[in-house]
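Here the structure comes first, spelled out in structure tokens, and everything after it is commentary.
The first residue of the sequence shown is numbered 1, and numbering continues consecutively from there. The figures that follow rest on heavy atoms only: side chains count, while hydrogens, waters and symmetry mates do not.
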Amino acid sequence: MKMNRARALKSGLSGVLCCGLPFKGFGGSAAELTFNYCSEDIIENLATVQTEAQGQTKNIGGFIMMMQGQPYLITAQHALLGADRLHFSSPSGREIKPRRIELSTQSDVVRLALADGPGLAEGTAPEMGSPVAVFGSTELENAQTEIYGEVNGIGADIIEISAPFAAENSGCPVLNADRQVLAMASYTRESRDHIMKTGTRFENRTRRFCQRLNGMQWQAVNWKKFNEAFGVPYLNCRTMLDDISQILNSWAEGPLDVVPFEGRPQKPLGAWLEKHNAIVSESVDIGSGRREFYAAYSESAAELSKQCRTQSRESYLLAEQRGLTDFLIDEFESYGAVFQAAADIIDRYGSSTY
């Protein structure tokens, strides 16, 4: 059972939303009552990772655990890739200085070796229905939280839990009542309406998946070189797909309207957006120029489609490069497919304006 980030975004183009709002731990639940500790009791085992990339600073969650007798800082791999600068600290402000970076070859996990502890212990295999809690800080609240639930699905490398964590909790630890790490919070996915799901636990709800850490293979990397070669292109793929998703969502609501845009799009997408909005703005009173407007609109859509197909080819080429982990090979291949799918959708928009 595997759902990488690019595939989640691809699902997003088909109406699947892949995140929610941060949710603080709810009180009085049976799962919560089994825990005799809170985030303050393990605060030195929690971590904050600050990243600077493309002019933006973000904070993500992480944690310190013991693996083969050595402490490691664990967090989500995708959040580090492409960053210009990284800074690691404890919630109390203590600076954490990693000695080396190792990437999981199969999954969206990275571990950073530390000189000393303390660190959380690795837990035994999870059981269905066992209580769990996601500990850490959300980017929006910047406060320690405990989010309680139970295990409701177990796979070889993934567990599904009911604890209502959000995308902002990606990288935070999933612990049992004995203060042991069962997994790392990874991603959420909206369950789509389907007749086969009616009356089941999968009907119309958000599902939350966490990455198990047992049995992983790790690849030590020269971070600066690896990040320049693969991390920056990976972040560019993610950013462009976010931008394209904004445009498609706008077109779904009003295909002939000016495209509103949050943030600053990447080049050359920014130039396309400015030109396209100028075409739409000048069409308020089309009149006798209706044919010319539709021709210009169709040409604009074709240019956007071309950009997506170019990015698709580049993503497939990146997937063939030597030195990649299996995780990133799968990610780049998925991005290749999703940009191709986006181009097909854009072509339909362009042709349907006539």
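R85 contributes no side-chain N or O that, together with a main-chain N or O of E52, makes up a donor-acceptor pair within less than 3.5 Å. At least one donor-acceptor pair under 3.5 Å links the side chain of N249 to the backbone N or O of S245. Here the side chain of Q321 pairs a donor or acceptor atom with the backbone of L317 at under 3.5 angstrom. Remark: side-chain polar atoms of N176 are paired, donor with acceptor, to backbone N or O of D178 under 3.5 angstrom. A side-chain donor-acceptor contact under 3.5 Å links T145 to the backbone of G136. N227 places a side-chain N or O within 3.5 Å of a backbone atom of A83 that can act as its donor or acceptor partner. Between the side chain of R208 and the main chain of A185, no donor-acceptor pair closer than 3.5 Å is present. Side-chain atoms of N169 do not come within 3.5 Å of backbone N or O of C172 as any donor-acceptor pair. In this structure, Y349 contributes its side chain and A252 its backbone to a donor-acceptor pair below 3.5 Å.
The cluster map of Ile, Leu, Val, Met, Phe, Trp and Tyr, joined by side-chain heavy atoms under 4.5 Å apart, puts Y297 and V259 in the same cluster. Follow the hydrophobic side-chain contacts under 4.5 Å out from Y335 and you reach I247 in the same cluster. Residues V232 and L324 do not share a hydrophobic cluster, clusters being chains of Ile/Leu/Val/Met/Phe/Trp/Tyr side chains in contact below 4.5 Å. By the criterion of side-chain heavy atoms lying less than 4.5 angstrom apart, applied directly or through intervening Ile, Leu, Val, Met, Phe, Trp or Tyr residues, Y316 is not grouped with F327; the two fall into different hydrophobic clusters. Linking ILVMFWY residues whenever their side-chain heavy atoms come closer than 4.5 Å, directly or via other members, leaves Y187 and L235 in distinct clusters.
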Side-chain donor-acceptor distances from residues 336-344 under 3.5 Å, at least two apart:
{"from": "Q340", "atom 1": "NE2", "to": "D344", "atom 2": "OD1", "distance (Å)": "3.4"}
{"from": "D344", "atom 1": "OD1", "to": "R309", "atom 2": "NH2", "distance (Å)": "3.2"}

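Partners of Q77 by side-chain hydrogen bond (donor to acceptor under 3.5 Å, both in side chains), not counting sequence neighbours: none found. For A229, the side-chain contact (heavy atoms from CB on, under 4.5 Å) criterion is met by no residue, not counting sequence neighbours. For the side-chain hydrogen bond (donor to acceptor under 3.5 Å, both in side chains) test, residues two or more places apart in sequence or in another chain that qualify with Q54 are N236, T239. Every side-chain contact (heavy atoms from CB on, under 4.5 Å) that E95 has, sequence neighbours left out, goes to H87, K97. With sequence neighbours excluded, no residue satisfies side-chain hydrogen bond (donor to acceptor under 3.5 Å, both in side chains) with T124. By the side-chain contact (heavy atoms from CB on, under 4.5 Å) test, S300 is found to be paired with W272, H276, I279, residues two or more places apart in sequence or in another chain being considered. Under the side-chain hydrogen bond (donor to acceptor under 3.5 Å, both in side chains) criterion, S89 pairs with no residue, sequence neighbours left out. Take Q70 and apply the side-chain contact (heavy atoms from CB on, under 4.5 Å) test, not counting sequence neighbours, and it matches Y72, R100, A113. Partners of R111 according to the salt bridge (charged side-chain N to carboxylate O under 4.0 Å, His left out) rule, which considers only residues two or more places apart in sequence or in another chain, are E102. Every residue two or more places apart in sequence or in another chain that forms a salt bridge (charged side-chain N to carboxylate O under 4.0 Å, His left out) with R94 is listed here: E44. In terms of the ring pair (Phe, Tyr, Trp, His ring centres under 6.0 Å) criterion, residue partners of Y37 (sequence neighbours excluded) are, by chain and number, F35, F135.
Q266 CD: more than 12 foreign heavy atoms inside a 6.0 Å radius.
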Test H78 against Y234 for side chain to side chain contact (heavy atoms under 4.5 Å, CB included), laying out the working first.
CA-CA 9 Å; H78 76 263; Y234 175 76; 3.5 Å; yes
Quick one: do D243 and F261 satisfy side chain to side chain contact (heavy atoms under 4.5 Å, CB included)? Show the steps, please.
CA-CA 8 Å; D243 293 346; F261 201 88; 3.2 Å; yes
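There is no side-chain donor-acceptor pair under 3.5 Å between Q219 and T325. Side chains of S39 and E146: a donor-acceptor N/O pair is present below 3.5 angstrom, by distance only. Using a 3.5 Å distance cut-off with no hydrogens or angles, the side chains of N59 and T48 do not pair a donor with an acceptor.
Checked against Q211 for a side-chain hydrogen bond (donor to acceptor under 3.5 Å, both in side chains), the options S186, S107, S170 give a single hit: S107.
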